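None of the values given here were measured: they were computed from a predicted structure. Here is how names work: the chains are called A, B, and so on, in the same order as the sequence lines, proteins then strands, and each is numbered from 1.
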Amino acid sequence: MSGIHVTTKINGDVVEYVCDADETLLDVLRNRLGLTGAKEGCSTGDCGACSVTLDGRLTCSCLVLGAEADGAEIGTIEGMAKGEELHPLQRKFLQHAALQCGICTPGILVAAKALLEHNPKPTETEVRFGLAGNLCRCTGYDKIVRAVLDTAEEMHRSARGA
Amino acid sequence: MRYERPSTMKQASALLAKEKGKAFVLAGGTDLLVRLRTGFIEPDLIVDIKRIVATREIQSTAAGFRIGAAVTGAELGEHAKLQKAWPGVVEAANLIGSKQVQGRCTMTGNLCNASPAADSVPALVAAGAKAVIVGPKAKRTIPVEQVPVAPGRTSLRKGEIVESILLPKRPARSGDAYLRFIPRTEMDIAVVGVAVSVTLDAKGVCTDARVSLGAVAPTVLLVPEAAKALIGTKMDKAALDGLAKACSAACQPIDDKRGTREFRIKVAGVLARRAAQIARRRAGGK
Amino acid sequence: MPLDSRPDTKRSFAVVGTRPLRPDGIDKVTGRAKFGADAVAPGMLVGRILRSPHAHARIKKIDTSKAEKLAGVKAIVTRADFPDHTDGDAALYDVLYNIMAREKALYEGHAVAAVAAVDARTAREALKLIKVEYEILPHVTDVDEAMKPGAPVLHATVFTDGVEPKPKKPSNIVRRYEFGHGDVEAGFKKADIVVARTFKTEATHQGYIEPHACLANAGPDGQAELWVCTQGHFMVRDTCARLLGMDISKLRVTASEIGGGFGGKTTVFIEPVALALSRKANRPVKVVMTREEVFKASGPTASTSVDVKIGVTKDGRITAADATLRYQGGAFAGSPVEFGAMSAFACYDLENVRAIGYDVVTNRPKQAAYRAPGAPMAAFAVESVVEELAKKLGLAPIDFRIKNAAREGTHASYGPTYGPIGLLPTLEKAKQHPHFKAPLGPNQGRGMACGFWFNFGGQTCVSLNLNNDGTAALSVGTPDIGGSRASMCLMAAEELGIPYDKVRAVVADTSSLGYNDVTDGSRTTFATGMATILAARDAIKKLTARAAQIWGIPAEAVTWEKGHAKPAGANAGNFPPMSLAEIVAQAGATGGPIAGHHEYSADGAGVSFATHICDAEVDPETGFTRIVRYTVLQDAGKAVHPSYVEGQFQGGAVQGIGWALNEEYIYGKDGRLQNAGFLDYRIPVCSDLPMIDTVILEIPNPGHPYGVRGVGETSIVPPLAAIANAVSAASGVRLTSLPMSPPKILAALEAKAG
Amino acid sequence: MAKVVVWGSLKPHTGGIAELEIDAATVRELLDRLGETYPGLKPQLARGVSVAIDGIIFRDGWQEKLSKDSEVFLLPRMIGG
């Protein structure tokens, strides 16, 4: 099998790689690029642990071929904090203890960020349905939902204040 | 396995037509990649159609809407005009999978997987949608219900690809709705799905109706008897009872890990009644 | 425990009980935390496992010759590579048999061979080239079917233990247990009302989001390293070393960050296989399970069939309680039926009680622990009958429970007499809770249930090293599965009298500490926490001695207060308090590094109780159930980090909600699992749930210096029954079989309507 | 003499008696004596037991002292998730 040459942008940086036709973007991120923040929980799109954005749209990287990323822009958990400054969601997740084991956390943060970008002031129900594609087995989701709602509130307040 | 990304429909069709091994079309990939990963399929060729401009567009035409084969669920949901004309179709497409899946999945893929439980297909069937199929030699347009012929099997011939789905123009006072039953609130495959599309006259009498059922037979069903129960009525309780009865009667379900036969038969009627009421309300019925 | 470790209930804490950020937080929210599958090694190979497609089959022949010839294949192992080193240890032999099938494959998914190859595709191709000749045997997966006389027998060596006379014919019933006291027959005679019901629960899976993963690196000199996601790396080390005939000292195991376990990562599956492959290939080998493998070949919990009979007098006193529990734990002995039997009636003060348990084997994967193993199914049965009795008596279910609740001095159904326990306080608190009085909407109903779990301590070893700048490095040997490093830092900081962020806790590898039992039994905050406190006290003893040396006064004349050494009184001398940092800064000159250690077998964990309240709404036309409101009230002894205590309560409750409503192992007639994925094994998603309210009660555990009790497991015990009771109240039908999936509820509603 | 109570299904190995009088000052001695006096208990002792002394459960406590009036129960070895 001959490799496919792909040029893409990940978290704003141009990245080139060669992958096989049947490799998923998740495989590429984890095994070729060392970006192991996206986790493989199921490889069938049911758990959301591998969530990334592809051209701004939330998706499971296990449901994308590595070859498809050519010319695209990808966002992963590794690009969420800006230098030393955590994204407000990352900060709030820590404050609310919205993680126990933490395996689902990267996927949930990526999904929550996408959610707030589309809907900056979601209701609890909207948060719950917005995150329905991300399984968490430790927390019962309570503190996750609170952390997302609190982040929205804070971002809203600081946007108004600014 | 080879991966090809043609830029025209003609090229795509030619690639599929000349492939000697197993070839698959990749649009959203939300089903294809799962089957690939789990070893269910072992393709020799995958043809990614997302670079073909026509597959990415929603066109509003004099005849209605033309929805490209690679338009995602999320894009459907963001198209205000489509949403207004065919809320049931859009809600059905938006029920497929999670937000993550919505960013990739397509109605055409949902149709071509030929799963009896596909969420968007009953809504498309009720809407009277047609599939535009491009082949190596000719283009043809068929009603969507003629695409799947059995679980996992379609009527597409070698080299043929569904290029787009056509939704007709909506008469005044029309509405559609899709409801499905799942054990959780999200992330499940439909145990039963019901789509109802109706048109009312100025007095609120139903003049036209189409009713379609999912997950209760080997393919999605169009149920003319159910439509008959509504046409000519004000969709009152008696009409809805008739509708529910006709829907339950049309079911030929199986017992499986997702539900029992009895459950599907009963719930098909329950959901039909509820979906019809939503469709009627959307059509402006009081 | 020495007496001075008894909790000082009036004690006020400086940092224990606060909610600081967890030390591993940044790594976890930025994707940097390294979990099981995140490790790489130079020259690493990919390991994959070939699994039996049959539920029960004799393995006549395994031919690996074609696979060996495939380019890129570096090692293949089969049963021939796992000689029996178990030396008569039956339980260990079962583990050996489970990680690689021997004469028979005992369930679909049982490992038959494994390959290490240069990449995943080659490994996959190689598996296809391995030819296994099976003789398919009849199989059985249902617990009641497996107990019938004509059932296919899995092991010709199983003759039911615990019955007299011992059977002469082998069967699938491994062992009979019996617990209880008094005379149940006499008790039932005194009863005015007796309710007897039979219940069934399906097997569920812990459902951790991280599949099992490990990276093994073994050399021909017998030295080996293993990186693995596990609840107990010392257990992994000892088990793998024994299975593979290695010296324990030559195998160093490092615990990765762990992506959930809930009991499912308390044993080995892929680890010995990865080590054997690595040893044979003389290269590092990474093995990661797929989700399908996790469902088919890790350790789900038991499915059960339970009879419960309870008698009461007209005024609401229970006169007798009797249960027979049948649990299948997969293809090997060891279902948690004894804990089901022991815990079934543990919430009640009973004169006459009996619980009989049968441990049964079937053609399913070998069960592993799952959060309070065995208890939720028993509580489902008992608490359903208790609710039904209360209704029959015309008593509020909560009052009926209060009337019969176990309390200090109660002769527990499993034997001993209870000390101070927290059941009544949770019931009384529940009764006052606003949830209890809140109005219900149409088609809604309220249910409640109580639950019990034992908790335990276990072997523990920690080291606390003080650094020259006055900070502390704490090494523990229990993997941190839900924030325990934060709790350990809190307790070390509390004792030493330094700020929380001056302590750093790490989970040390197996070469750095003495043996530590697995993170299980809700033991870590209790046992590792107590060891941390005692290690800190050990360090303080040394700190005060150094201060005494510096001051030139006797060591006994120095005390420790708020992070400082102080002369014990005016007679001891007049010296200003000396801080921890000041003492360690002079450590080199006063005798070298200062460290505290503690190693022990922790006991006195203290049993734990909870009461849950649930509101459910049932769609009468479809049987769809929505949990509308949920409240957990549980005794934590002392909540060290309340946020993570709440998290344990919420997580356990939601796992219980899944178990009650939708989760189940579905087998086909062919004995194959039909829903080995998250699509059809339906764990609760975010939109299924309401907020989970929590009430933490703090009834100090006399066995811990701060009064801490384990909290992790009890929260999964009441939900099954609480939801069944709520569904019954909402819909008018009582379900005696889990999960209460919509088709079952609808069928029951239709049957009732006639 | 400590009084120790075994669980029901062990009674066949102790001559049908649940409450046994054993001369032992520690858990270790108790377990040794039990095995010597009632060899039928040995497989269970080998599989592992916990011991409840005055209501507190010890999973690994050979050194624990038993007094004359201790209430001692033999229990299966505790496990957890």
Side-chain angles (χ1 to χ4, degrees), chain B residues 1 30-31 33-40 42-43 95-101 115 117 119 179-194 215-216 240-241 244 247-248 253-275 277, chain C residues 48 120-121 123-125 127-128 202 290-293 295 617 619-627 654 657-658 660-669 672-690 739-751 753:
Chain B
M1 177 181 130
T30 50
D31 279 297
L33 262 73
V34 173
R35 286 187 285 157
L36 180 69
R37 270 308 263 217
T38 51
F40 196 75
E42 291 182 336
L95 281 175
I96 303 166
S98 58
K99 287 276 179 293
Q100 283 86 340
V101 169
S115 159
D119 280 311
L179 288 177
R180 66 170 181 185
F181 186 88
I182 54 171
R184 292 181 291 187
T185 53
E186 271 285 1
M187 303 305 289
D188 289 330
I189 302 289
V191 184
V192 183
V194 181
V216 296
L240 294 178
D241 286 347
C247 284
S248 290
I254 50 165
D255 281 327
D256 70 6
K257 61 189 171 187
R258 293 177 184 143
T260 59
R261 206 182 120 74
E262 294 70 28
F263 180 81
R264 288 183 158 111
I265 291 172
K266 168 91 200 291
V267 173
V270 171
L271 294 188
R273 195 191 298 267
R274 293 179 185 178
Q277 284 169 302
Chain C
R48 286 187 71 92
R121 188 182 315 103
R124 255 195 326 266
E125 286 304 313
L127 291 190
K128 282 189 212 152
E202 245 318 328
T290 63
R291 179 55 55 183
E292 185 184 352
E293 285 179 293
F295 277 112
E617 183 179 298
D619 182 338
E621 289 187 311
T622 65
F624 179 84
T625 301
R626 189 166 68 92
I627 304 301
V654 168
I657 290 170
L661 293 180
N662 278 311
E663 293 179 34
E664 61 177 317
Y665 264 50
I666 304 171
Y667 280 92
K669 286 205 177 78
R672 291 180 180 150
L673 184 63
Q674 300 198 326
N675 59 332
F678 278 139
L679 182 61
D680 285 303
Y681 183 89
R682 306 181 192 97
I683 78 171
V685 300
C686 195
S687 48
D688 292 344
L689 299 161
M740 294 177 279
S741 55
K744 275 192 206 162
I745 293 181
L746 193 62
L749 285 167
E750 302 256 286

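Contacts of Ser741(C) with chain B are absent, with no heavy-atom separation under 4.5 Å from either backbone or side chain. Neither the backbone nor the side chain of Glu664(C) comes within contact range of chain B; no heavy atoms are under 4.5 Å apart. When heavy atoms are compared at a cutoff of 4.5 Å, Leu746(C) approaches chain B solely by way of its side chain, counted from C-beta outward. Heavy-atom distances place both the backbone and the side chain of Asp688(C) under 4.5 Å from chain B. The part of Arg274(B) that comes within reach of chain C is its side chain, from C-beta onward, which places non-hydrogen atoms under 4.5 angstrom from that chain. Residue contact with chain C, scored on non-hydrogen atoms closer than 4.5 Å, involves the side chain of Lys266(B) exclusively.
With rounding to the nearest 0.5 angstrom, the CG atom of Asn675(C) is 6.5 Å from the NZ atom of Lys257(B). From Glu621(C), atom CD reaches atom CG of Leu271(B) across 9.0 Å, with rounding to the nearest 0.5 Å. With values rounded to the nearest 0.5 angstrom, Arg184(B) atom CZ is found 11.5 Å from Leu661(C) atom CG. Taking CZ of Arg291(C) as the start and OG1 of Thr38(B) as the end, the distance is 15.0 Å to the nearest 0.5 Å.
Salt bridge Lys128(C)/Glu42(B): present, at least one basic N to carboxylate O contact under 4.0 Å.
Across every non-hydrogen atom of Phe263(B) and Thr622(C), the tightest pair is CE1-O, 3.1 Å. Across all non-hydrogen atoms, the minimal contact from Gly259(B) to Pro743(C) is CA-CG, 4.1 Å.
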| When you look at Arg258(B) and Leu679(C), which way does the side chain to side chain contact (heavy atoms under 4.5 Å, CB included) test go after all the steps? | CA-CA 10 Å; Arg258(B) 293 177 184 143; Leu679(C) 182 61; 3.9 Å; yes
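Thr185(B) is listed as a side-chain neighbour of Phe624(C), based on a closest heavy-atom distance under 4.5 Å.
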